[in-house]
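Working notes, beginning with the structure itself.
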Amino acid sequence: SIMAIGRPKHSTVARLPIDKELHETLLMYVNQQVVKDSIADKLTKAYTILHHTGMRASELLQIDIGMILDAIKNAKFSLNNKTKTKKTRLIILTKNGVFDFKSLFEMEYDESSNRAEKIFKKKNAGPLNKQAFLQLLNNNIKKSLGNLYSSHSYRQAYCTDLLKVAPASQVARLVGHANVQTTLRYDFNTESDLLATLEKVR
């Protein structure tokens, strides 16, 4: 069967990408509507990391202070092999990504911090429940942006943007896809995108 563009394999619903403008709309919603400051802070950090890295939402639970410090200092960090694909991969940040990471984390962590401590954890420092965490992320996205968006929409936008300027093989490597065909399923071109391409060649 033909896989719908904009829908990862095994997903039952097509998702739209969360671009920069929608990301900012979501952060505004979180900071105005989420009652507990600690939850709003957690959501802001999670969404910003997803926006700048294209990581899977579940991979957020692997991020520790050391990775954040490396990202701020070197504009990159190594994601460990406790991910879906069981492989380590390099996450690279743009200047905007480093700026946002500094804004969110620089006052909170420094070289004296415990590098192994997880960023997203319970108050007692225990691990967060993966399903509860993903539900928290997705519920607030749906309340703000609607049912056609989820935390995976960040990965959708990341792949779509990169595929406009880089070969699928490079994008696959950046996002941790073993198969380029998987990456191509994330390509979401709007009518205006397609028209702009046609204007260049016709």
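The figures here come from the full heavy-atom set of this structure, side chains too, leaving out hydrogens, waters and symmetry mates.
- Applying the 6.0 Å contact sphere to NZ of Lys121 captures more than 12 heavy atoms from other residues, nucleotides or ligands.
- For Phe133 against Ala57, the heavy-atom pair with the smallest separation is CE2-O, 4.2 Å.
- Looking at heavy atoms from C-beta onward, Ser153 lies out of side-chain contact with Ile141 at the 4.5 angstrom threshold.
- The line from CG of Asn139 to OG of Ser150 is 11.5 Å long, rounded to the nearest 0.5 Å.
- The side-chain heavy atoms of Arg89 and Met55, taken from C-beta on, include a pair separated by under 4.5 Å.
- Checked for salt-bridge contact, Glu111 and Lys73 miss the test: no charged N lies under 4.0 Å from a carboxylate O.
- Counted within 6.0 Å of CG on Asn179, heavy atoms from surrounding residues, nucleotides or ligands total more than 12; the atom is thus considered enclosed.
- How far CG of Leu93 is from CZ of Phe101: 5.0 Å, rounded to the nearest 0.5 Å.
- The aromatic rings of His51 and Tyr154 sit perpendicular to each other, their planes meeting at more than 60°, with 30° as the lower class boundary.
- A 4.5 Å side-chain heavy-atom check between Glu108 and Lys45 finds at least one atom pair inside the cut-off.
- Residues Ile18 and Leu148 share a single hydrophobic cluster, defined by chaining ILVMFWY side chains whose heavy atoms lie under 4.5 Å apart.
- In this structure, His52 and Asp100 approach most closely via the heavy-atom pair NE2-OD2, 2.7 Å.
- Residues Leu104 and Met28 do not share a hydrophobic cluster, defined by chaining ILVMFWY side chains whose heavy atoms lie under 4.5 Å apart.
- Annotation: the span from Leu60 atom CG to Ile49 atom CD1 amounts to 6.0 Å, rounded to 0.5 Å.
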- [ ] Show your reasoning for whether side chain to side chain contact (heavy atoms under 4.5 Å, CB included) applies to Tyr29 and Leu43.
- [x] CA-CA 11 Å; Tyr29 168 85; Leu43 288 170; over 6 Å; no
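- Nearest heavy-atom pair across Asp19 and Ala157 is N-CB, 4.3 Å.
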- [ ] For Asn140 and Ile39, run side chain to side chain contact (heavy atoms under 4.5 Å, CB included): C-alpha distance rounded to whole Å, both residues' side-chain angles, the deciding distance at 0.1 Å, then the answer.
- [x] CA-CA 11 Å; Asn140 282 280; Ile39 300 296; 5.6 Å; no
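- Using a distance-only test at 3.5 Å, with no hydrogens or angles considered, no donor-acceptor pair links the side chain of Gln170 to the main chain of Pro167.
- For the pair Glu24 and Lys20, the minimum side-chain heavy-atom distance is below 4.5 Å.
- Distance check: His177 NE2 to Ser169 OG gives 13.5 Å after rounding to the nearest 0.5 Å.
- Rounding to the nearest 0.5 Å places OH of Tyr158 at 11.0 Å from CG of Leu163.
- Of the possible donor and acceptor atoms, none in the side chain of Arg115 sits under 3.5 Å from a partner among the backbone N and O of Ile65.
- Judged by distance alone, the side chain of Asp187 and the main-chain N or O of Thr183 form no donor-acceptor pair under 3.5 Å.
- Between Tyr47 and His23, the shortest heavy-atom contact is O-CE1, 3.5 Å.
- In this structure, the side chains of Tyr149 and Leu26 stay at 4.5 Å or more apart for every pair of heavy atoms.
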TODO: Any chance you could lay out the side chain to side chain contact (heavy atoms under 4.5 Å, CB included) test for Lys164 and Asp161, step after step, and finish with the verdict?
DONE: CA-CA 5 Å; Lys164 291 175 183 176; Asp161 289 345; 4.0 Å; yes
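- Residues Asp64 and Met67 share a closest heavy-atom pair of OD1-N, 2.9 Å.
- No donor-acceptor distance shorter than 3.5 angstrom exists from the side chain of Asn74 to the backbone of Lys76, with no hydrogens or angles considered.
- The shortest distance between side-chain heavy atoms of Leu50 and Ser151 falls below 4.5 Å.
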TODO: Go through the steps to decide whether Phe77 and Ile68 satisfy the test side chain to side chain contact (heavy atoms under 4.5 Å, CB included), and finish with yes or no.
DONE: CA-CA 7 Å; Phe77 65 92; Ile68 295 297; 6.0 Å; no
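- Of the candidates Val30, Leu128, Asp37, Leu128 is the only one forming a side-chain contact (heavy atoms from CB on, under 4.5 Å) with Lys42.
- Looking at Thr53 and Leu79, their side chains never come closer than 4.5 Å, going by heavy atoms from C-beta outward.
- Contact between Lys118 and Leu61 at its shortest, heavy atoms only, is CD-O, 3.7 Å.
- By the 4.5 Å heavy-atom criterion applied to side chains, Leu162 and Tyr186 are not counted as neighbours.
- No side-chain N or O of Asn96 forms a donor-acceptor pair with one of Thr94 less than 3.5 Å apart.
- In this structure, CG in Asn31 is found 4.0 Å from OG1 in Thr44, a value given to the nearest 0.5 Å.
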